[in-house]
Number of protein chains: 2
Amino acid sequence: MQPFTERQIEIMEAATQRIDAHGIQTLTIKNLAADLGLSEPALYRHFENKNAILLGLLNYFSAEMVARLADVRSLSYGSSAEELRAVFDSQLRAFTAKPSVVSVIFAENIFHYDKRLSAKVADIMDVMQGHVTDNIKTGQAAGEYSKLLSPATLTTIVVGSMRLAVLKWKVSGNRANLVKDGRTVLDGVLKMLSTNN
Amino acid sequence: MQPFTERQIEIMEAATQRIDAHGIQTLTIKNLAADLGLSEPALYRHFENKNAILLGLLNYFSAEMVARLADVRSLSYGSSAEELRAVFDSQLRAFTAKPSVVSVIFAENIFHYDKRLSAKVADIMDVMQGHVTDNIKTGQAAGEYSKLLSPATLTTIVVGSMRLAVLKWKVSGNRANLVKDGRTVLDGVLKMLSTNN
DNA sequence: GCAAAGTTAGTTATCGTTTACTAACGCTGC
DNA sequence: GCAGCGTTAGTAAACGATAACTAACTTTGC
């Protein structure tokens, strides 16, 4: 989307960390300014209002994710399963590097009071599901995945399983190894889905 | 837990519906009182404070769910798969009957600002996972389910898939048929998990 | 020397909650 | 059979705290 200034990125990351650590209810301009060691009006030098910070941060993380996944998928893989592993590996590594992002990306409900914000979150979810559905269709066409279930149902199973793995990691206080645990779940799904087990 | 008065239940259901429709950010005493056609202080005749309303509603729905699922599982079934279908059938029917409850039961993040509230939501999630893990262990022991994957991984897959099915229904504005769509996903998982396909 | 980025000191609106009061009801005991 | 009394559930008005935001001034770096 837009190119953000350094200060804007600082503000958006501080907002994300606050939402992650203490919930959106505590995301006030006062708290956010204090987190950054700034006065409240200083924030308004960089964003028009509080909502613009939230919309900005969703656009910021969404753009990063779209670009990164496009990158991952532009490579060539020996099999559909291999590509799917690469996609989730990239995603789970990104979450591990910036755990607080998860609290904002997986947050259909906390932005429910604003159409634009909740639409953006739904949009991010659709991007991931799109990648998975593509992968499943290709894998089924190649005879690598079982055709017992429809791509739609399989997408729900794959994405749902991975989302819950992430949620469990979050509930554990990010103490678990998300890349490893997520890989175990994905391998499990692939094992059941594969035609040559 | 406690037996709630009729008025308390009215208040808790109004709060749940508001969270569902407009997000927790708009759950103020003023809005809630207006929804009920009452004055603000009237609410304090029935709950000590705003937090008690939220804690009360989580306890209220959690108790209903625990009792209902215990009931479902007290019956006897021809197979583990049949029992699992009955558990989720009951759960999805309950969600369909009271769609707003989902927004509050699936809300690890919106209660993040309060330990007691988020612990209660985590607790509710554990109850469901416990039922599923039990079922999977029994099904594996009976040779009905594949032993290729651990009960923990299979639980993540089953519960994760069903949660995403519910979330999709919610995002669709509850327009879809949750009982039917959820059943499709569960049947899909069971098909892959079953030893005699 | 000036634009960008910060400050102090306010604004108005709304938050959760309390105070003080009342109408309606059910139980006593004579 | 009803006066006296306590309880329940409501109200209007106001509380202090805090929300998002702004006007006006100062500092800073090229």
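Nothing here was measured: the structure is a model prediction, and the numbers come from that model.
- Partners of A:Glu40 according to the salt bridge (Lys or Arg N to Asp or Glu O under 4.0 Å) rule, which considers only residues two or more places apart in sequence or in another chain, do not exist here.
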### Summary
Each nucleotide of nucleotides 14-24 of chain C classed B (base within 4.0 Å of a protein heavy atom), S (only sugar-phosphate) or -, in 5' to 3' order, makes -SSBB-BB---
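- Applying a 4.0 Å cut-off to non-hydrogen atoms, none of the residues of residues 10-23 of chain B approaches DNA chain C.
- In this structure, A:Asp187 does not pair ionically with A:Lys191, as no charged nitrogen and carboxylate oxygen lie closer than 4.0 Å.
- Along DNA chain D, read 5' to 3', the first and last nucleotides having any atom under 4.0 Å from a heavy atom of chain B are D:dA9 to D:dA13.
- When the ring-ring contact (aromatic ring centres under 6.0 Å, His included) test is applied to A:Tyr60, the partners found at least two apart in sequence or on another chain are A:Phe4.
- For A:Arg7, a side-chain nitrogen or oxygen approaches OP1 or OP2 of C:dG6 to under 4.0 Å.
- Within the structure, every pair that satisfies the ring-ring contact (aromatic ring centres under 6.0 Å, His included) test and touches residues 72-99 of chain B, not counting sequence neighbours, is listed here: B:Phe95-B:Phe106.
- Annotation: salt bridge (Lys or Arg N to Asp or Glu O under 4.0 Å) contacts of A:Glu82 (sequence neighbours excluded): none.
- Residues satisfying the ring-ring contact (aromatic ring centres under 6.0 Å, His included) test with B:Phe47, not counting sequence neighbours, are none.
- Every residue two or more places apart in sequence or in another chain that forms a salt bridge (Lys or Arg N to Asp or Glu O under 4.0 Å) with B:Asp123 is listed here: B:Lys120.
- Scanning for salt bridge (Lys or Arg N to Asp or Glu O under 4.0 Å) contacts around B:Asp181 gives an empty result, with sequence neighbours left out.
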Contacts table for residues 147-162 of chain A: side-chain donor-acceptor under 3.5 angstrom, sequence neighbours left out:
| unit_1 | atom_1 | unit_2 | atom_2 | d |
| --- | --- | --- | --- | --- |
| A:Lys147 | NZ | A:Gln140 | O | 3.2 |
| A:Ser150 | OG | A:Thr153 | N | 3.1 |
| A:Ser150 | OG | A:Thr153 | OG1 | 3.1 |
| A:Thr155 | OG1 | A:Thr133 | OG1 | 2.9 |
| A:Thr155 | OG1 | A:Pro151 | O | 2.7 |
| A:Thr156 | OG1 | A:Ala152 | O | 3.2 |
| A:Thr156 | OG1 | B:Lys168 | NZ | 2.8 |
| A:Ser161 | OG | A:Ile157 | O | 2.6 |

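- Screening residues 98-117 of chain A for side chain to side chain donor-acceptor pair (under 3.5 Å), with sequence neighbours left out, gives A:Glu13-A:Lys98, A:Asp20-A:Ser103, A:Glu108-A:Arg163, A:Asn109-B:Asn109.
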